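Let me begin by presenting the structure, written as structure tokens, before commenting on it.
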There are 2 protein chains.
Amino acid sequence: MSTSEIYRTLPEQIAARLRQEVLSSKLKPGDPLREVDLSERFGVSRGPVREAFRQLTQQGLLVLEPNKGVRVAQNPSVEVRPLVVRLRRTIETFVLKSIFERITADDLSYWEDILADIKAACESNDVDALTEHDLRFHQAIIRSHDDKDLFALWQPIAMRMMMHYNRLDDIMDSYREHKRILDAIQAGDKTAALDALETNIQ
Amino acid sequence: MSTSEIYRTLPEQIAARLRQEVLSSKLKPGDPLREVDLSERFGVSRGPVREAFRQLTQQGLLVLEPNKGVRVAQNPSVEVRPLVVRLRRTIETFVLKSIFERITADDLSYWEDILADIKAACESNDVDALTEHDLRFHQAIIRSHDDKDLFALWQPIAMRMMMHYNRLDDIMDSYREHKRILDAIQAGDKTAALDALETNIQ
DNA sequence: AGGTTGCAAATTGTCAACAATGTACACTTA
DNA sequence: TAAGTGTACATTGTTGACAATTTGCAACCT
């Protein structure tokens, strides 16, 4: 997502691009995606495109119907949304709690970099960039846990929250919320950090 | 899994078979899976096998390393396991709560059928069959919710709990626990049903 | 001996052709 | 006209060949 980021495989690159377009609503819920179109667009054969489709399906961004192809997934219904929020809070607070005492200076400086990106995105009113860096911020927390499996558990839940969603009136609030999380961590105030994190997830 | 069950696609059939072998520990954590081996075994080309691998990866049963292939995933660590339990309880109780008033006679008779299978598996001490029907029981509850997306959210979490796990000393306890859930539902006792469900998930 | 380099084999990744399936629409029939 | 049927067309599913990558091992150097 970050433009300089290097992806290992072809399907990953394609998936990253499509994910960005779904999260930024360039692709809207229900839109069909054709294998041939995308393979021509990316200059590859249908194989890698199919695999990118499977990856995004696993993340909940696309929906697959056998013999019919994929479409952009619908947003979670109003009924299910509170559940998704609860699940995501459960995972992220679990991780923050369990790593809190082991947070390193490197972790902090990395998170500060992301926070700076969030600030820049807010100031230039760039919603797409904000979505990207918001995601990176929370990803970074999850990934700081030793158990890599947690990320696979968290991703589909978080993605469902990130789709076409904008709960804030003032975009700068996003920066403030993330700053509050990081400030509390730096102050060593676990309770405040967890509270700030829960506030940010809704 | 149920022998008469019909799968739509080739990859689904392959995935179902491999899932059974992982859940029954015929395939053990860390075991590598080779595309050619399995394509020969199932009499298909590597394509459908690859896709089955992707499906099982999404369910958390396999782990994929680019250019290196897939291996059977490790069990969740003792540290993460309580989180997985909490997530699964959150989803299943959410579903049971929200469908409780709309449960039909058809639902109940279907669940009773599965309970009978569970009983039979317990009585013949068939752990593999028990795992299968245990899964079917909870799947049936999740699937009774209108929002089909819930299943995709639930599956990877539930699968991680089902892997190589056997918490009960007496296998018949599994039957008793599921019977308690169904009895409470039939009695219309929501609180008791939710409590029985939580007891069963650990 | 310890470490490095360079094959050769095993394995996954990608591609393009062909098969199977689903879809749209004109055509028939009552 | 309305319902059903047949037939092209569009699209996904599967296959086997070839390319790229990783891995194990032997030969080599220091």
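Because the structure is predicted, anything quoted here is derived from the model rather than measured. In what follows, every heavy atom counts, from backbone to side chain, and hydrogens, waters and symmetry copies are set aside. So that the names make sense, note that chain A is the first sequence line, chain B the second, and so on, each numbered from 1.
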Just how far, in rounded Å, is P of C:dT14 from CD of B:E35? 11 Å

Tell me, yes or no, whether the heavy-atom count around A:R17 atom CZ, taken from other residues, nucleotides or ligands under 6.0 Å, exceeds 12. no

B:L197 pairs by side-chain contact (heavy atoms from CB on, under 4.5 Å) with which of B:R89, B:H138, B:R180? B:H138

Whole-Å distance, B:L38 CG to D:dT15 C1', equals 17 Å

Give the nucleotide from the list D:dT22, D:dT14, C:dG13 with an atom nearest to the side chain of B:K68. D:dT22

Taken to the nearest whole Å, CG/B:L64 to P/D:dT22 is 13 Å

Rounding to an integer number of Å, can you tell me how far A:E40 CD sits from C:dC15 C1'? 14 Å

Of the candidate nucleotides C:dC18, C:dT14, D:dT22, which contains the atom at the shortest distance from the side chain of A:R46? C:dC18

Output the single nucleotide from C:dA16, D:dT14, C:dT12 whose closest atom is nearest the side chain of B:R34. C:dT12

Return the value, rounded to whole Å, for the distance between atom CZ of A:R50 and atom P of D:dT11. 15 Å

Earlier contact from the 5' end, DNA chain C, for B:V36 and A:P66: B:V36

Side chain of B:N67 only, heavy atoms from C-beta on: which candidate in C:dT21, C:dT12, D:dT23 is closest? C:dT12

What is the separation between atom CZ on B:R54 and atom P on D:dG13, rounded to the nearest whole Å? 15 Å

For the side-chain contact (heavy atoms from CB on, under 4.5 Å) test, which of A:D128, A:L135, A:L18, A:V127 pairs with A:L23? A:L135

d(CD, B:E51; P, C:dG13) in whole Å: 14 Å

Categorize B:G47 for me: base, sugar-phosphate, or nothing, with a 4.0 angstrom heavy-atom threshold over every strand shown. base

Touch check for B:R71, heavy atoms < 4.0 angstrom, all strands: base, sugar-phosphate only, or nothing? nothing

Any side-chain donor near an acceptor of the partner, B:T131 and B:D134, under 3.5 Å: no

Does a donor on one side chain and an acceptor on the other come within less than 3.5 Å for A:S77 and B:D147? yes

Looking at every strand, decide which applies to B:L33 at a 4.0 Å heavy-atom threshold: base, sugar-phosphate, or nothing. sugar-phosphate

